[in-house]
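Sequence positions, counted from 1, serve as the residue numbers for this chain.
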Amino acid sequence: MEYVKTTLDAFQVAVGKNSFSDIYAFGHKDLDVVSEFVQVKAEANTLELTAGHFVPVNTKGEIIYKRAADLKVGDSLSTISGASPITEISKVDKLGLYNPLTLSGDILVNNVVASVHSEWFLDSLFDALGASEYLPYAYQSLLAPVRALYNIAGSKLYSAGYSMLDSCVNVADSGTKYGATIAVTIGLGALAFAARSI
């Protein structure tokens with residue numbers, strides 16, 4: 001199966017069987033960093049992700065999101081072949097830390113469906129409310145203005161602007177450090193841009 005493809009306008013990754021989604025930003029893009037990953041084995045698939053990264057898990061016929069650190073042997077992951085129970089969980093150190101953000105909010109890694117969202121600035125609030133399973137939805141909603149800007153500007157213009165900005169300021173690092181401020185600013189900017197276009 002093909003996992004990555006490039007069209008004339010966009011860089012895309014697989015998000016399901018024969019389904020692709022454009023990458024519009026990166027939450028992390030660190031080639032030289034060594035990080036601890038949770039290694040999750042489920043029948044024929046292995047998934048490696050940071051402890052704070054979210055994965056949809058089938059629990060009693062309902063899909064809920066769990067952080068990798070909260071996964072348990074017996075939880076069922078969604079794969080392109082259907083539900084696959086976790087058989088083993090361990091920790092490994094790996095070189096490189098990447099987190100592409102897709103328009104759909106999902107990504108397929110080694111035939112396993114994962115959320116593109118991981119820990120960010122709302123985690124402590126949602127944890128206190130006992131609602132951490134809803135964080136991927138919150139982050140996907142919060143980034144809607146950025147995706148709207150991508151769709152309004154078109155992938156070529158957006159990508160050129162993103163690349164230019166990323167060459168001056170590491171966008172992924174800035175997003176991690178100043179996520180709330182950036183999200184609100186971009187959201188207001190996108191709304192103002194959209195209002196002018198009407």
Side-chain angles (χ1 to χ4, degrees), residues 1-5 12-23 25-30 33-144 147 172 175-176 179:
M1 172 169 183
E2 185 179 19
Y3 290 101
V4 178
K5 71 178 187 177
Q12 299 180 323
V13 294
V15 295
K17 190 172 187 174
N18 301 317
S19 179
F20 292 84
S21 185
D22 292 4
I23 295 172
F26 279 86
H28 301 288
K29 191 167 63 170
D30 300 310
V33 68
V34 175
S35 299
E36 183 177 84
F37 286 80
V38 177
Q39 185 179 69
V40 182
K41 293 186 179 181
E43 294 179 358
N45 309 94
T46 299
L47 180 64
E48 295 172 342
L49 62 171
T50 59
H53 208 100
F54 289 92
V55 180
V57 176
N58 189 331
T59 303
K60 299 176 186 169
E62 183 182 353
I63 300 295
I64 63 164
Y65 283 92
K66 285 187 173 184
R67 290 183 183 96
D70 298 329
L71 294 172
K72 300 196 178 346
V73 171
D75 283 345
S76 287
L77 301 178
S78 297
T79 72
I80 59 171
S81 306
S84 183
I86 295 172
T87 57
E88 184 181 336
I89 299 172
S90 59
K91 294 184 179 177
V92 295
D93 289 332
K94 292 284 187 166
L95 179 64
L97 185 63
Y98 298 93
N99 182 23
L101 300 176
T102 63
L103 294 176
S104 71
D106 297 315
I107 191 166
L108 193 66
V109 181
N110 294 336
N111 294 326
V112 179
V113 178
S115 170
V116 297
H117 300 292
S118 59
E119 61 189 335
W120 202 15
F121 67 96
L122 290 176
D123 282 36
S124 57
L125 172 64
F126 275 64
D127 289 346
L129 296 171
S132 60
E133 67 190 70
Y134 300 106
L135 277 162
Y137 300 111
Y139 291 138
Q140 187 71 359
S141 297
L142 186 68
L143 292 168
R147 292 190 310 279
T176 301

Straight-line distance of [X] [atom1] to [Y] [atom2], nearest 0.5 Å:
{"X": "L77", "Y": "L71", "atom1": "CG", "atom2": "CG", "value": "6.5 Å"}
{"X": "I63", "Y": "Y65", "atom1": "CD1", "atom2": "OH", "value": "8.5 Å"}
{"X": "T79", "Y": "N111", "atom1": "OG1", "atom2": "CG", "value": "7.0 Å"}
{"X": "N45", "Y": "L108", "atom1": "CG", "atom2": "CG", "value": "9.0 Å"}
{"X": "Q140", "Y": "T102", "atom1": "CD", "atom2": "OG1", "value": "7.0 Å"}
{"X": "L49", "Y": "L97", "atom1": "CG", "atom2": "CG", "value": "11.0 Å"}

Test side-chain contact (heavy atoms from CB on, under 4.5 Å), reference S21, set L103, L101, D106, output is L103
Verdict with supporting geometry, V116 and I107, side-chain contact (heavy atoms from CB on, under 4.5 Å): CA-CA 6 Å; V116 297; I107 191 166; 4.0 Å; yes
Looking at every heavy atom in both [X] and [Y], which two are closest together, and how far apart are they?
{"X": "S115", "Y": "P136", "result": "OG-CB, 3.8 Å"}
{"X": "F26", "Y": "I23", "result": "CE1-CG2, 4.0 Å"}
{"X": "S118", "Y": "H53", "result": "CB-ND1, 3.5 Å"}

Do N99 side-chain atoms and H117 backbone N/O form a donor-acceptor pair below 3.5 Å? no
Is a side-chain N or O of D127 found less than 3.5 angstrom from the main chain of S132, in a donor-acceptor match? no
Can you list the steps and then say if Y134 with L129 is a side-chain contact (heavy atoms from CB on, under 4.5 Å)? CA-CA 11 Å; Y134 300 106; L129 296 171; over 6 Å; no
Atom CD of E119: over 12 foreign heavy atoms under 6.0 Å: no
If we ignore angles and hydrogens, is there a donor and acceptor under 3.5 Å between the side chains of D123 and Y139? yes
Quick one: side chains of residues 33-43, donor-acceptor pairs under 3.5 Å with protein atoms, not counting sequence neighbours, listed by atom name and distance.
residue	atom	partner	partner atom	Å
Q39	OE1	S90	OG	3.3
Q39	NE2	E48	OE2	2.6

